[in-house]
Amino acid sequence: MVQGDSSSTLRVGLVGCGHFGRFHALKSAAAPRETLVGLFDPDQTKAEALAKEAGTKAFSDLDELLSQVEAVIIAAPAELHFTLAVQALRAGKHVLVEKPMAATLEEADELVTLARNAGKVLQVGHLLRYSAEYEAITARIKRPLYIEATRIAPFKPRGTDVSVILDLMIHDLDLILAIVDSPIAQVDAIGAAVSSEHEDIANARVRFENGCVATITASRISLKTERKMRLFSAEGYLSADFGKRELVMIGREKGMPLPGTGGFRREAASWKEHDSLEAEHRAFAASCLDGAPVKVDAQAGRRALEAALAVGDGIAESRQRMELSGLIGDLSS
């Protein structure tokens, strides 16, 4: 395969044929620089149904699929991400693994090492990095001082194999980490399991070493769906409503003058959402075929996982303080 040859295609296999695996299969089948060789799922009936829809082959043996592809997309349940990524990397394949990339930092470090030693791409599926909303925010805010993010939705059984932190909050954690670009200094968090075995609602206050503070709320037991972010910065104030695809920026550079504010202007803008999953696939193919930089690489995936685990630890510490004070009973008894 010729480096930089835009006419070359990447032979891809998909592992995991569930809700998000279906989206990946259809995108891969339609991608101009990918050839979807086949897919695998322990549920052969599910695999065959998706293979028919995507116009590809269902494999009954994962090793056989790996032997026929150059790259693997892992969209299996979260607890299998690490094991499957290890298997694929050891087989010498490029990997796009859905978030979270692993369950522990030790596992994440092993994946980082395996990918580096094998000279293979390891991309983590933090989809928001490829979104129009991310581009709209980072085009306006460079030095955030305070960030407030809210991501809430009604309850759905899908995704409850992990906490709301790894299910929903990790999206905003990764986004904020990319915007702030500073190590985390401290995390204070609180949360509760309501409708599943894991936390279904969580709130975290994250302080970065550069002084920026972010407050993040995630819930999958709300009565409505809401995705919003507010940012205060040296450039001004930005409020974004991801559901409505609208933002308001109060700053000095663009927009209508605001009388009596000392030169501030109000910019109202909207964005046309492009296909983020298609963009993610396009970036993956470019990294594998052309050697293009990996936008969300293993280190970025590890950093998001580290932040999510820190929030989980913060919740455990808060719960312990509440139990010791008598505010709540011992939930383990």
Side-chain angles (χ1 to χ4, degrees), residues 13-25 39-47 49-50 62 72-88 95-111 122-128 151-175 189-204 216-222 225 227 277 280 296 298 300-316 319 331-332:
L14 171 72
V15 181
C17 299
H19 178 79
F20 212 64
R22 176 178 176 270
F23 293 137
H24 274 296
L39 43 81
F40 170 81
D41 193 286
D43 186 334
Q44 192 66 14
T45 300
K46 184 185 295 184
L50 182 55
L62 178 54
V72 178
I73 298 170
I74 298 172
E79 67 267 20
L80 300 176
H81 288 179
F82 169 72
T83 301
L84 292 169
V86 166
Q87 186 174 351
V95 173
L96 167 55
V97 59
E98 271 304 327
K99 55 81 187 167
M101 64 185 294
T104 67
L105 293 182
E106 290 75 18
E107 290 179 350
D109 288 336
E110 184 173 342
L111 292 180
L122 176 55
Q123 180 174 314
V124 185
H126 288 287
L127 197 58
L128 284 185
R151 183 178 296 264
I152 62 175
F155 181 78
K156 294 179 181 178
R158 180 177 59 83
T160 55
D161 55 324
V162 294
S163 71
V164 72
I165 306 163
L166 292 173
D167 181 25
L168 297 182
M169 184 183 283
I170 196 168
H171 288 294
D172 290 314
L173 284 169
D174 175 69
L175 201 61
I190 191 167
V194 179
S195 298
S196 70
E197 296 180 1
H198 306 283
E199 286 88 4
D200 295 303
I201 185 168
N203 174 271
I216 312 164
T217 299
S219 171
R220 58 188 180 196
I221 53 168
S222 298
T225 298
R227 292 176 53 233
L277 190 58
E280 183 181 59
V296 188
R302 184 198 187 279
R303 192 177 177 208
L305 176 64
E306 183 177 25
L309 294 176
V311 173
D313 290 342
I315 290 174
R319 183 179 298 125
L331 299 181
S332 63

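We number each residue from 1, following the sequence as shown. Computed from heavy atoms alone, side chains included, the values below leave out hydrogens, waters and symmetry copies.
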Assess whether side chain to side chain contact (heavy atoms under 4.5 Å, CB included) is satisfied between L105 and R302, documenting all intermediate values. CA-CA 7 Å; L105 293 182; R302 184 198 187 279; 4.0 Å; yes
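- Within the 4.5 Å cutoff, the side chain of K99 has heavy atoms near those of the D167 side chain.
- The minimum heavy-atom distance linking M101 with A298 is given by the pair SD-O, 3.6 Å.
- L166 has its side chain within reach of L305: a pair of non-hydrogen atoms, C-beta onward, lies under 4.5 Å apart.
- Shown here for D161 and P77, the closest heavy-atom pair between the two residues is OD2-CB, 4.1 Å.
- Rounding to the nearest 0.5 Å gives a distance of 12.0 Å between OG1 of T104 and CD of E306.
- For the atom pair CD1 (I170) and CZ (R151), the distance works out to 11.5 Å, reported to the nearest 0.5 Å.
- Closest non-hydrogen pair, L168 versus S219, comes out as CD1-O, 3.6 Å.
- We find the CD1-CD1 distance between I165 and I201 to be 11.5 Å, quoted to the nearest 0.5 Å.
- Residues A102 and L111 come closest through the heavy atom pair CB-CD1, 4.5 Å.
- With rounding to the nearest 0.5 angstrom, the CZ atom of R220 is 6.5 Å from the OG atom of S163.
- Contact record, A218 with M169: CB-CB, 3.7 Å, taken as the closest heavy-atom pair.
- Judged by distance alone, the side chain of D174 and the main-chain N or O of A304 form no donor-acceptor pair under 3.5 Å.
- To the nearest 0.5 angstrom, I190 atom CD1 is 8.5 Å from I315 atom CD1.
- The shortest heavy-atom contact between F40 and C17 is O-SG, 3.9 Å.
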Would H24 and E98 count as a side chain to side chain contact (heavy atoms under 4.5 Å, CB included) here? Give the steps. CA-CA 10 Å; H24 274 296; E98 271 304 327; 2.7 Å; yes
Is there a side chain to side chain contact (heavy atoms under 4.5 Å, CB included) between E107 and H81 once you walk through the steps? CA-CA 10 Å; E107 290 179 350; H81 288 179; over 6 Å; no
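- For the atom pair E79 CD and L84 CG, the distance stands at 10.0 Å (nearest 0.5 Å).
- Side-chain atoms of H171 never come within 3.5 Å of backbone atoms of L128 as a donor-acceptor pair (strictly under, hydrogens ignored).
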